[in-house]
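The analysis underlying the following values was restricted to heavy atoms, covering all of them including side chains, and did not include hydrogens, waters or symmetry mates. We name chains A, B, ... by the order of the sequence lines, and we start the count at 1 in each one. None of these values were measured; they are calculated from a predicted model.
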There are 2 protein chains.
Amino acid sequence: MIELLTYLNQIQSLSDKSEQALVSICNEIIVKKGKDLHPIGNTCRNIYFIKKGFLRIYYFKDYTDVTESFEFENAIVARADSLFNSNPSKKGIQAIEDSELVAINSAQLFKLYDEFPDIERLFRKIFENAYVETVNRIESLQFHTAEERYANLLDQSKNIIQRVPLKYIASYLGITQVSLSRIRAKR
Amino acid sequence: MIELLTYLNQIQSLSDKSEQALVSICNEIIVKKGKDLHPIGNTCRNIYFIKKGFLRIYYFKDYTDVTESFEFENAIVARADSLFNSNPSKKGIQAIEDSELVAINSAQLFKLYDEFPDIERLFRKIFENAYVETVNRIESLQFHTAEERYANLLDQSKNIIQRVPLKYIASYLGITQVSLSRIRAKR
DNA sequence: GTAATTATTTAACATATGTAAAATATTTTC
DNA sequence: GAAAATATTTTACATATGTTAAATAATTAC
């Protein structure tokens, strides 16, 4: 849990009591490569911290597997719409590599908000940051060509190409695998 | 201010003290059609509530005017990245029609968070909702054709076509004006 | 109300991306 | 390590979208 608390305290410093309360609603989870941390159709009942490994959020559009996002080590991941609105999620979270996570039970977490304002503040900031990131992602999808988006992805995280099958990258960039192959062939 | 308080209490009920504190940091603003509520380059120091009118968030990409989003009556609008990180914003907020707004001073608002947890909770929920919406928008940009995105926009808000110049709609959909004209000609 | 400005559509052509199918390459399973 | 399964690239062709320029329509300013 140390990795988690270190990560969280960087965003918002927590009192000892708050830390204890948080830890008490956490569980460590291991997910094997290719397995679902959160299957499509389930309502999201946890917020996850990725200690180790690499995952993706995905769904099916007309029977085609689509990667919405990649989720790296040392970060929080959750199915936002399902989490906040208690809907069954159309999207799943799948491990691309064997991964170690901490699951924070969301129902219990939301209860802690009443007693520990620093915990509520912490997660307010976490999702504010996530919000800003998605707005930037919109900009990228709206006004960069597929080629630019591919180049940006390489810049952001150079080892992503080694770690992720290209078919996942193609749908993440909003293009087909064939199109991605062409872009790669050009370079 | 009544419209604002009605709107906010639907999201999170506020105590009388909290309402008073909130109102004390608000100012009513009128922006004429075509004018900037928030000019490009300024750091965002307010969260706005749109009482009446219609605005857009825009920026320039390679000297081309790009509409990132449309903002309707009875909703909150803010430049998220600039607001949370105190960066000068690359994006501006412009009135498409004469608009009446309430400006909530963000520095003062963030101070109120310490004293009034219900206010912090309110804005936590507001930005959580905004986050979920942007995730949905990503899905739309990633896997719908321009034609589908145009159809969806018509469904969502049928009067948008009457109220917004098409050049703004084109860039919002991530396509050129010419391409939008072609899509419209097909129907 | 007319002239000037701005917005929208259309045309012609270039480029990017999609689709389907086949050819290779790589990884996994036993 | 060979067979099977999966991933990636390539080819050929279809379609969508971009670019530039011109034509038309609508709006704004005086």
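- Nucleotide dG18(D) holds its P atom 15 Å from the NE2 atom of His144(A), rounded to whole Å.
- Put simply, CZ on Arg149(B) is 14 Å from P on dA16(D), counting in whole angstrom units.
- You'll find the side chain of Phe54(B) reaches within 4.5 Å of the side chain of Val164(B), heavy atoms only.
- Between Lys52(B) and Glu97(B) there is no salt bridge, since none of the side-chain N atoms of the basic residue sits less than 4.0 Å from a carboxylate O of the acidic one.
- If you check residues 170-179 of chain A against DNA chain C, the residues with a heavy atom closer than 4.0 Å are Gly174(A), Ile175(A), Thr176(A), Val178(A), Ser179(A), listed by number.
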Pairwise N/O distances under 3.5 Å, protein to nucleotides 26-30 of chain C:
{"from": "dT28(C)", "atom 1": "OP1", "to": "Lys33(A)", "atom 2": "NZ", "distance (Å)": "3.4"}

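- Distance, Arg182(B) CZ to dT20(D) P: 14 Å, rounded to whole Å.
- Between Glu71(B) and Arg56(B) no salt bridge is recorded (no basic side-chain N to carboxylate O distance below 4.0 Å).
- Here Asn87(A) pairs with Asn85(A) under the side chain to side chain contact (heavy atoms under 4.5 Å, CB included) rule; sequence neighbours left out.
- In this structure Ser13(B) satisfies the side chain to side chain contact (heavy atoms under 4.5 Å, CB included) test together with Asn9(B), sequence neighbours excluded.
- Residues Arg182(B) and Glu147(B) are not paired through a salt bridge, judged by the lack of any N-O separation under 4.0 Å between the basic side chain and the carboxylate.
- Ionic pairing of Lys51(A) and Glu28(A) is present here: one or more N-O contacts between side-chain nitrogen and carboxylate oxygen are shorter than 4.0 angstrom.
- The distance between atom CD1 of Ile96(B) and atom C1' of dT27(D), rounded to the nearest whole Å, is 16 Å.
- To the nearest angstrom, P of dT19(D) lies 15 Å from CG of Leu180(B).
- Under the side chain to side chain donor-acceptor pair (under 3.5 Å) criterion, Arg149(B) pairs with no residue at all, not counting sequence neighbours.
- Ion pairing of Glu128(B) with Arg124(B) is present here, as a side-chain N (NZ or NE/NH1/NH2) and a carboxylate O approach within less than 4.0 Å.
- Taking atom OH on Tyr150(B) and atom C1' on dT17(D), their separation rounds to 17 Å, with Å as the unit.
- For Asp65(B) and dT6(C), the CG to P distance is 14 Å, given to the nearest whole Å.
- Taking atom CD on Gln162(B) and atom C1' on dA26(D), their separation rounds to 15 Å, with Å as the unit.
- Salt-bridge formation is not detected for the pair Glu139(A)/Lys61(B): no Lys NZ or Arg NE/NH1/NH2 atom is positioned less than 4.0 Å from an Asp or Glu carboxylate oxygen.
- A salt bridge is absent between Lys33(B) and Asp98(B); no separation between the charged side-chain nitrogens and carboxylate oxygens falls under 4.0 Å.
- Each end of the helix from dG1(C)-dC30(D) to dC30(C)-dG1(D) gets its own axis from five base pairs, and the two axes differ in direction by 60°, given to 10 degrees.
- For Glu147(A) and Arg184(B), each mapped to the nucleotide of DNA chain C holding its nearest heavy atom, the one lying further toward the 5' end belongs to Arg184(B).
- Take the nearest nucleotide of DNA chain C for Leu166(B) and for Lys186(A): the residue whose nucleotide is more 5' is Leu166(B).
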